[in-house]
Amino acid sequence: MVEKQPDREPDGNFPTFQTWVNKATSWIGGTNSACFDAKGRRCRIGGDMMRARDEGAFPVYYWFGEGDETPAQQRKSQRLAAKRRKWA
């Protein structure tokens with residue numbers, strides 16, 4: 001199953017695997033984000049990120065509020081993401 005990336009600019013990216021390891025929790029943790037590698041493949045778990053690393057598919061881009069939640073949960077996640085961007 002191929003998933004389609006959101007039809008807007010990404011909210012950010014992880015330029016390297018090591019950046020993802022070090023920053024994923026603080027940058028996107030709890031924000032219902034969707035991540036896609038440079039080849040357009042959805043990255044849901046660490047194994048997907050390792051595949052992107054091994055296949056040279058970084059940067060991995062992320063979009064806030066585009067994950068697998070209900071619409072109400074997505075709105076809440078987008079509000080949290082906006083607060084995180086403001087604090088950064």
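Heavy atoms only: backbone and side chains are in, while hydrogens, waters and symmetry mates are out.
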(request) For Asp11 and Phe64, indicate whether the former's side chain and the latter's backbone hold a donor-acceptor pair under 3.5 Å. (result)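 Such a contact is found between Asp11 side chain and Phe64 backbone.
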
(request) Would you mind reporting whether Trp63 and Glu9 have side-chain heavy atoms less than 4.5 Å apart? (result)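 Answer no - side chains too far apart.
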
(request) Indicate yes or no: at least one non-hydrogen side-chain atom of Trp27 is less than 4.5 angstrom from one of Trp20. (result)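 Side-chain contact under 4.5 Å: no.
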
(message) Applying salt bridge (Lys or Arg N to Asp or Glu O under 4.0 Å) to Arg41 and Asp37, what does each step give before you reach the verdict?
(response) CA-CA 5 Å; Arg41 299 175 297 199; Asp37 67 19; 2.8 Å; yes

(request) Determine whether the aromatic ring centres of Phe58 and Phe14 lie less than 6.0 Å apart. (result)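 Between Phe14 and Phe58, which both carry aromatic rings, the centre distance is not below 6.0 Å.
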
(request) Can you spot which of Met49, Arg53, Glu55 makes a side-chain contact (heavy atoms from CB on, under 4.5 Å) with Arg51? (result)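 When Met49, Arg53, Glu55 are each tested with Arg51, the side-chain contact (heavy atoms from CB on, under 4.5 Å) holds only for Glu55.
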
(request) Can you see which heavy atom on Lys39 is nearest to which on Ala57, and at what distance? (result)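 Lys39 and Ala57 have their closest heavy atoms at CG-CB, 4.0 Å.
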
(request) Apply side chain to side chain contact (heavy atoms under 4.5 Å, CB included) to Asp48 and Cys35, showing your working. (result) CA-CA 10 Å; Asp48 297 335; Cys35 298; over 6 Å; no

(request) Nearest 0.5 Å please: distance from the CZ atom of Phe36 over to the NZ atom of Lys4. (result)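 Phe36 atom CZ to Lys4 atom NZ measures 9.5 Å (nearest 0.5 Å).
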
(message) List the residues meeting ring pair (Phe, Tyr, Trp, His ring centres under 6.0 Å) with Tyr61, not counting sequence neighbours, and say none if there are none.
(response)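 Tyr61 satisfies ring pair (Phe, Tyr, Trp, His ring centres under 6.0 Å) with no other residue.
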
